[in-house]
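Presented below is the structure to which this report refers.
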Protein chains: 2
Amino acid sequence: MDELDRAILRELQSDARKSNRDVAAAVGVSPSTALERTRALRRRGIIRGALLDVDLASIGRPVQALIAVRIRPPSRPVIEGFRDWVASLPETLGVFVTSGNEDFIVHVAVPDNDSLYAFVIDRLTQRREIADVRTSVVYEHLRNGSPEPVD
Amino acid sequence: MDELDRAILRELQSDARKSNRDVAAAVGVSPSTALERTRALRRRGIIRGALLDVDLASIGRPVQALIAVRIRPPSRPVIEGFRDWVASLPETLGVFVTSGNEDFIVHVAVPDNDSLYAFVIDRLTQRREIADVRTSVVYEHLRNGSPEPVD
DNA sequence: CGTGAAAATTTGCGGAT
DNA sequence: ATCCGCAAATTTTCACG
């Protein structure tokens, strides 16, 4: 990870679909060099892919929530079972497996408040391993798509 | 949003860098049609862009946490001031503004546990408007990069 | 890491259904 | 009104220096 790699990463973080030619021009190397560096970043697992940023409201899912879940017993099979199940639900955008007051924070997007309520009481609470659930509605979600390398 | 739009969205969600030619082939239309549809999705704000998926560990930030913050008073100027400040920190990956037991959930990535502790006690707690902070270390973060449209 | 040429893709437009 | 075919422009890709 030299300065050139970091510069290429910055360019692609600003727009993952930027053409290799534009990236090369922006960082001051030839397209072939930029291409080889970018491929190496992928091979090394530093770049994992490119995610489409979709407006959730316009696909009918304007209501987001974070749901803190505590599981009992918090043993590996139970944790992993719940994790995989909840990650596979269509409402789920992401799952954080955490230490602390809860075992999971589940990020969901649904069409409306009724759907959210139904998700929590009909689907989540049906799981026997759930000891506690706390739901927070998300008013706004800001993302920093460009985390910077350190060291 | 007809079936063709949804199919194109699905393809690009699986890989935001997929070539237009591949998208067209996968959904069964000509490249020119796929291109025009994709541009329309962008114009309509349904596609907001493409984010690079970077492995945080390999850029020196392997430790993630979710930090629940309560603010006082939770008035608009105070909320928005804190939101903009915390979103601009280099450690911050994202900020959820929420209802419920906390006003914010801040998602951060740092080099190690010491950095996390320093972030919480040196930077966050310095802000006078913070009434309460609860930190949860994130062991694992699964994402569903392909939220499906409903209706 | 760059050059240059070949291959592949993107793009705009005229015409078809 | 939407989609396709085609050709030009642009970009990607790679062998070689």
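Throughout, protein chains are lettered first and strands after them, A, B, ... in sequence-line order, and every chain is numbered starting at 1.
- Tested against B:D103, the residues B:I130, B:V78, B:I79 include a single side-chain contact (heavy atoms from CB on, under 4.5 Å) partner, B:I79.
- Between A:R83 and A:F104 there is a side-chain heavy-atom pair separated by less than 4.5 Å.
- A:R37 and A:D2 are joined by a salt bridge, as a carboxylate oxygen and a charged side-chain nitrogen come within less than 4.0 angstrom of each other.
- Near DNA chain C, meaning a heavy atom under 4.0 Å from it, residues 1-17 of chain A has A:L4 in order of number.
- Not one N or O on the side chain of A:N144 forms a donor-acceptor pair closer than 3.5 Å with the backbone of B:G94.
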I'd like a table of donor-acceptor pairs (distance under 3.5 Å, sequence neighbours excluded) in which one partner is a side-chain atom from residues 69-76 of chain A, with atom names and distances.
unit_1, atom_1, unit_2, atom_2, d
A:R76, NH1, A:E80, OE2, 2.6

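- The closest side-chain heavy-atom distance from B:T38 to B:R42 is not below 4.5 Å.
- Residues A:V133 and A:V110 fall within the same hydrophobic cluster, defined by Ile, Leu, Val, Met, Phe, Trp and Tyr side chains chained together at heavy-atom separations under 4.5 Å.
- Annotation: side chain of B:L4 is in contact with side chain of B:T33 (closest heavy-atom distance under 4.5 Å).
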Residues 53-67 of chain B side chain polar contacts: donor-acceptor under 3.5 Å, at least two apart:
unit_1, atom_1, unit_2, atom_2, d
B:D55, OD2, B:S58, N, 3.1
B:D55, OD2, B:S58, OG, 2.9
B:S58, OG, B:D55, O, 3.0
B:R61, NE, B:A109, O, 2.9
B:R61, NH1, A:E148, O, 2.9
B:R61, NH1, B:P90, O, 3.4
B:R61, NH2, B:P90, O, 2.8
B:R61, NH2, B:E91, O, 3.2
B:R61, NH2, B:A109, O, 3.0
B:Q64, OE1, B:H107, NE2, 2.7

Atom pairs under 3.5 Å, N or O on each side, protein against nucleotides 6-9 of chain C: can you list them with distances?
unit_1, atom_1, unit_2, atom_2, d
C:dT9, OP1, B:R21, NH1, 3.1
C:dT9, OP2, B:R21, NE, 2.8

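- Contacts between residues 28-41 of chain A and DNA chain C, counted as heavy-atom distances below 4.0 Å, involve A:V29, A:S30, A:S32, A:T33, A:R37.
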Determine all donor-acceptor pairs shorter than 3.5 Å in which one atom belongs to a side chain in residues 6-13 of chain A; sequence neighbours excluded.
unit_1, atom_1, unit_2, atom_2, d
A:R6, NE, A:E3, OE1, 3.3
A:R6, NH1, A:M1, O, 3.0
A:R10, NH2, A:E3, OE2, 3.4
A:E11, OE1, A:K18, NZ, 2.9
A:Q13, NE2, A:P147, O, 3.1

